[in-house]
Amino acid sequence: MAKQFVVSQQGVCGYICEMRELLASPVKLLGFAAATFGALLLVVFTFEGWVRYGTDIFLSSVQNGIAWCF
């Protein structure tokens, strides 16, 4: 028998109220958008670096004897 997921009204209202508070000020929204964009850039550049240099990183780890962590 599957369990049902129950969400309380207070929990939903609290989330909605917090989001309304975030969107009430354009400065807060702009700051949130800039932080999200910065985090996205960090993830994209990290992934791109891993794709480009992943083989070299792995081979140098093998040479140094620390490839067991991969």
Side-chain angles (χ1 to χ4, degrees):
M1 180 169 248
K3 291 185 178 182
Q4 292 182 353
F5 184 72
V6 179
V7 178
S8 68
Q9 289 288 5
Q10 187 174 1
V12 172
C13 180
Y15 176 77
I16 291 172
C17 292
E18 288 175 11
M19 290 304 293
R20 284 185 184 155
E21 190 176 306
L22 175 68
L23 298 174
S25 172
V27 176
K28 284 184 182 180
L29 181 61
L30 184 62
F32 184 71
T36 303
F37 183 71
L40 177 66
L41 280 179
L42 179 67
V43 168
V44 167
F45 285 139
T46 301
F47 181 72
E48 190 268 333
W50 179 255
V51 168
R52 183 177 288 182
Y53 301 111
T55 305
D56 295 333
I57 293 169
F58 180 72
L59 290 177
S60 67
S61 299
V62 168
Q63 290 174 351
N64 291 326
I66 58 171
W68 56 269
C69 64
F70 286 108

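Applying the side chain to side chain donor-acceptor pair (under 3.5 Å) test to Q63 and every residue at least two apart in sequence or in another chain returns nothing.
Members clustered with V27: none, using a 4.5 Å side-chain heavy-atom cutoff among hydrophobic residues.
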Donor-acceptor list for residues 32-47 side chains, cut-off 3.5 Å, not counting sequence neighbours:
residue	atom	partner	partner atom	Å
T36	OG1	F32	O	2.8
T46	OG1	L42	O	2.7

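The salt bridge (charged side-chain N to carboxylate O under 4.0 Å, His left out) analysis of residues 38-47, with sequence neighbours excluded, yields no pairs. Applying the salt bridge (charged side-chain N to carboxylate O under 4.0 Å, His left out) test to every pair with at least one member in residues 36-54, sequence neighbours left out, gives these pairs: E48-R52.
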